[in-house]
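Have a look at the structure below before the remarks.
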Protein chains: 2
Amino acid sequence: MRLARVYDKIQRRSQQHLRRFGLTVSQFDVLAQVGSAEGLCQQELAERLLVTKGNVCGLIDRMEQAGLMVRRPDPEDRRIHRLELTPEGRRLYAEAVPAQEQLIASLLAGLEPEEQRALHGLLRRLDRSIDSSSCLSYR
Amino acid sequence: MRLARVYDKIQRRSQQHLRRFGLTVSQFDVLAQVGSAEGLCQQELAERLLVTKGNVCGLIDRMEQAGLMVRRPDPEDRRIHRLELTPEGRRLYAEAVPAQEQLIASLLAGLEPEEQRALHGLLRRLDRSIDSSSCLSYR
DNA sequence: TATTGTTATACTCTATAACTATA
DNA sequence: TATAGTTATAGAGTATAACAATA
């Protein structure tokens, strides 16, 4: 499976790359999601990351402990925690996200710009067609 | 990152799918590699899977315990273990690999045949260009 | 000395499921 | 009853590094 192999390589490079920031790939995903949509609640985050809320809970625990984010109680619904980045979390976001984009760009650099666009377009179509194909339930 | 999202979905589907066979994705990878190249040694397998030999050791332990494969000492170099599938491993290989291919085919079905070819070609080019871009060391 | 494989440690992620507190 | 979050459990995968046997 070609896609798997390419992805594994990118994943490993990313991992290596993100370690400089003290982040795992999953933690980077959290940072990227919360950084681009502060006020997100844990349930929403779980859905976006395609993992369970239990897992999100542990992820947030570790990142809160690392001083990157905080849980804020929602004043209107006391079951909900809104997620926000700390100043340090925002600093890391501002640093790590562009660095990651640059890494991806450098990995894609072997393709011509129009090939990159073609690849992106095909992946988008594939993404949608996977969603519509049969039942897919993430809790 | 489009590639990551698409891959995650495929990964999750595969996981779900492979569970019927009692396999994790990593174990499937081992089965597929050894099944297509019996006599492989652990070091070679580690390189193909892009993980360390320590990890391979654990993977093999679990799969040997599950009765799917065996380590055979190499008569010429007593440091080496050659990996072979048991009859049950081969049966599973013959069952799981086509099933996995069919799953992938069904996920790709939303794309036209020429789009599938185009995607494959782009991924192959990307794969190669990643390899050649800067240092990449898997131990 | 270098290589193959093993072992040990520690951490992250994951699924699953029971639990609480709110709604 | 349903939802948001928590906790507990168990297992898998991973990196790292020290180790034994063999070359």
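Counting to the nearest Å, the P atom of C:dG5 and the CG atom of B:L59 are 14 Å from each other. Per the geometry, CD belonging to A:E76 stands 15 Å off P belonging to D:dA4, to the nearest Å. Going from atom CD of A:Q16 over to atom C1' of D:dT14 covers 14 Å, rounded to whole Å. A straight line from CG of B:L49 to C1' of D:dT14 spans 13 Å, rounded to a whole angstrom. Going from atom CE of B:M69 over to atom P of C:dG5 covers 12 Å, rounded to whole Å. A:R72 places its CZ atom 19 Å from the C1' atom of D:dA4, with the value rounded to the nearest Å. Atom-to-atom, NE2 of B:H81 to P of C:dT7 comes out at 10 Å; the value is rounded to the nearest Å. In this entry the distance linking CG of B:D61 with P of D:dG11 reads 16 Å, nearest Å.
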Please report, to 0.1 Å, the donor-acceptor pairs under 3.5 Å made by any side chain of residues 57-70 of chain B, with sequence neighbours excluded.
from	atom 1	to	atom 2	distance (Å)
B:D61	OD1	B:R71	NH1	3.1
B:D61	OD1	B:R71	NH2	3.0
B:E64	OE1	B:R71	NH1	2.6
B:E64	OE2	B:R71	N	3.2

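For the OP1/OP2 pair of C:dT6 and a distance below 4.0 Å, the side-chain nitrogens and oxygens of B:Q42 include at least one atom meeting the criterion. A close approach under 4.0 Å does not occur between any side-chain nitrogen or oxygen of B:T52 and OP1 or OP2 of D:dT14. Remark: B:Q15 is not in phosphate contact with D:dA12, judged by side-chain N or O atoms under 4.0 Å from OP1 or OP2.
Listed nucleotides: C:dC13, D:dG13, D:dT6. Nearest to the side chain of A:C57: D:dT6. In the set C:dT7, D:dA21, C:dA15, D:dA21 carries the atom at the smallest distance from any side-chain atom of B:R79. Nearest to the side chain of A:R12, among C:dG5, D:dT6, D:dT14, sits D:dT14. Which of C:dT4, C:dT14, D:dT6 sits closest to the side chain of A:K53 comes down to D:dT6. Considering only the side chain of B:Q43, C:dT4 comes nearest among C:dT4, D:dT6, C:dC13.
A:G54 comes within contact range of at least one nucleobase, with a heavy-atom separation under 4.0 Å. Across all strands, B:D77 comes closer than 4.0 Å only to sugar-phosphate atoms, never to a base (heavy-atom distances). At a threshold of 4.0 angstrom between heavy atoms, the contacts of B:R82 with the nucleic acid are absent.
Ranked by how close their nearest DNA chain D nucleotide is to the 5' end, A:R19 and B:S26 are led by B:S26. Residue A:N55 is the one, among B:T24 and A:N55, whose nearest nucleotide of DNA chain D lies closer to the 5' end (criterion: closest heavy atom). Nucleotides of DNA chain C nearest to A:R78 and A:R62 differ in position, and the one nearer the 5' end is that of A:R62.
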* Would A:S14 and A:F28 satisfy side-chain contact (heavy atoms from CB on, under 4.5 Å), going step by step from the backbone distance to the final call? -> CA-CA 10 Å; A:S14 300; A:F28 173 81; over 6 Å; no
* Are B:L119 and B:L108 close enough, and set up right, to give a side-chain contact (heavy atoms from CB on, under 4.5 Å), and what steps lead you there? -> CA-CA 10 Å; B:L119 178 60; B:L108 285 172; 4.2 Å; yes
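A side chain to side chain donor-acceptor pair (under 3.5 Å) with A:R90 is found for exactly one of A:E84, A:E95, A:E38, namely A:E38.
Panel note: side chain B:Q116, backbone B:L111; a donor-acceptor pair is recorded below 3.5 Å.
A donor and an acceptor atom, one from each side chain of B:S26 and B:D29, are nowhere located under 3.5 Å apart.
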